[in-house]
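Every chain is numbered from 1, with letters handed out A, B, ... down the list of sequences.
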There are 2 protein chains.
Amino acid sequence: MSELQTLFDNGHQHYLPHLSVDCVIFGFHDNELKVLLLESWYTKDKVLPGGFVGQQESLIDAATRVLKERTGLNNVFLSQFEVFGDPQREQHKFSGNVLQQNGIDAAGSWLLDRFISIGYYALVEYSKVHPQPDAASTCAWWPVNDLPTMYIDHGLMITKALEKLRQSLHFQPVGLNLLPKKFTMPQLHRMYETLFGMPLDRRNFQRKIMATGIIQQLPEKVKGVAYKAPHLYQFKTRQYQKALQAGLFLL
Amino acid sequence: MSELQTLFDNGHQHYLPHLSVDCVIFGFHDNELKVLLLESWYTKDKVLPGGFVGQQESLIDAATRVLKERTGLNNVFLSQFEVFGDPQREQHKFSGNVLQQNGIDAAGSWLLDRFISIGYYALVEYSKVHPQPDAASTCAWWPVNDLPTMYIDHGLMITKALEKLRQSLHFQPVGLNLLPKKFTMPQLHRMYETLFGMPLDRRNFQRKIMATGIIQQLPEKVKGVAYKAPHLYQFKTRQYQKALQAGLFLL
DNA sequence: CCAAAAGTGTTAATATTACACCCATGA
DNA sequence: TCATGGGTGTAATATTAACACTTTTGG
């Protein structure tokens, strides 16, 4: 029996019924904010990486597990941003055709039930991610400003995640999770411009961000680039974490 | 058979298993922020008003229903603020004693299972609420700064709700839901001081709040009060709603 | 007519914005 | 040596914070 058929038949013995976790995984690359999407066996539309919650598993552990499966990353910044529980949201989730084509007998399966999905967004370092498609799906980055057609309400989920992320920018430092350990000021600047979706004066930006005390200039500079070599910077982890807790106004 | 015994036995036929909704209901009175708490049949500790989610009911509808049951109010401002799903959170929720005393046979009941609770907070007009205890519990207001011992994680829920409410103050107007239709400037001022938990210069506050354009001074004044009679004000509903959508910076 | 609270105005301090200039680099 | 992008400074402007004064009212 296929692995999928087993999930349809016996998944309810391992997972909580009616409950799923979906992850909007944000990465920053080529001056664009991107999300990691799957092309799943059961739909032509793209889906968010998601999974179910083990009967004795905490929600954050479930989200962490999904993330680990898809990106290979541990220790990722995760934030629960909204629950999607409309009774109608998954009306036509499995077309009979697709089930037939995959040789699935879904009759009476728990997977046909209504699902409440808990949305998490993750901030990950793009270059460290090696998208891991499994047997049933492919996995790739998509720019948030140019998304493909998304499965049921997954497009809405991305919109909402982005909204919450943008709000949190005003209160919390961001970047430790999206950028490599060492980065340049222009990189950080462009990241903020992208997240806010508006231009920010680079000189004023630099002054402000340095004034927060969460960033440290390193003596080293980038080598082998055209024009003037930019300094490398890194986050001061202690101060960064403190600012995460206490809040911080930037812009 | 008692109504409670029926819930234990047959609730799973009407409600989604493992899933509940809890409401942190905020009211403002005597210059204090208060929450509505129940004293339930199954514990000496106070509990938040909560309920279950009907199999075809949306989450917001479930929360709205709970609110209606407890406060008699419709059209209440509700915001989903966090999900509480730790596997350990309800370890000792029913002591055997209490079940026995109430003549409940809970063996094998769905209510003993693990529950994931979706937290909503509500903003209501204190004076309009007529706390409605049901057969099994009493219902009363408690100051958030002087709470009684709370059931399992319900104290944490209040803390988190307050945190989110405070954050939202920076982005969204608040007060339409917490104050009576017509109110005085000192009332509004004290409400903001209470919510922010810090003193605000009353003169600067008035200028700022008026500058937002969401408030309107009325020609009438309060009658029969000591000292100078304050004007009455009211929210400009259209502008208020617009600010709710678009965001708004106050302080 | 006095004490208490409401309403309005002014000024100093601070933060934000909009710039201009110099520097380093590789082509 | 020049085009390009990185790094630093400064003046104009807007916003915020800290105040003082007048008005109204009931006792």
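- Nucleotide D:dA17 holds its P atom 9 Å from the CG atom of B:Leu200, rounded to whole Å.
- Residues B:Phe171 and A:Phe171 place their aromatic rings such that the two centres sit under 6.0 Å apart.
- Closest approach to the A:Ala226 side chain among C:dG26, D:dT8, C:dA6 is made by C:dG26 (side chain taken as heavy atoms from C-beta onward).
- For A:Lys223 and A:Asp201, each mapped to the nucleotide of DNA chain C holding its nearest heavy atom, the one lying further toward the 5' end belongs to A:Asp201.
- Within the structure, a side-chain polar atom (N or O) of B:His231 is placed less than 4.0 Å from OP1 or OP2 of C:dG7.
- Using cut-offs of 30° and 60° for the angle between ring planes, the B:Tyr121 and B:Phe81 rings count as tilted.
- Nearest-nucleotide mapping onto DNA chain D: of A:Asn204 and B:Arg207, the residue sitting toward the 5' end is A:Asn204.
- Comparing B:Tyr227 and A:Met185 by the nucleotide of DNA chain D that holds the closest heavy atom to each, the one mapping nearer the 5' end is A:Met185.
- For NZ of B:Lys236, the number of neighbouring non-hydrogen atoms (other residues, nucleotides, ligands) closer than 6.0 Å is greater than 12.
- Among D:dG7, C:dA20, C:dA6, the nucleotide with an atom closest to any side-chain atom of A:Tyr233 is D:dG7.
- Between its opening and closing five pairs, the helix from C:dC1-D:dG27 to C:dA27-D:dT1 changes axis direction by 0°, a value rounded to 10 degrees.
- Considering only the side chain of A:Ala229, C:dT25 comes nearest among C:dT25, C:dG26, D:dG7.
- If you take CD1 of A:Ile215 and C1' of D:dG7, they are 15 Å apart, rounded to a whole angstrom.
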Determine all donor-acceptor pairs shorter than 3.5 Å in which one atom belongs to a side chain in residues 226-234 of chain B; sequence neighbours excluded.
| unit_1 | atom_1 | unit_2 | atom_2 | d |
| --- | --- | --- | --- | --- |
| B:His231 | ND1 | B:Gln217 | NE2 | 3.4 |
| B:Tyr233 | OH | B:Gln206 | NE2 | 3.3 |
| B:Tyr233 | OH | B:Gln217 | NE2 | 2.9 |

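- Out of C:dA18, D:dT8, D:dT23, the shortest distance to the side chain of B:Lys228 is found at D:dT23.
- For B:Lys208 and D:dA17, the shortest distance from a side-chain N or O to OP1 or OP2 is below 4.0 Å.
- Using a 4.5 Å cut-off on side-chain heavy atoms (C-beta onward), A:Phe26 and A:Leu33 make contact.
- If you check distances only, the side chain of B:Arg203 does reach the base of D:dA20 with a donor-acceptor pair under 3.5 Å.
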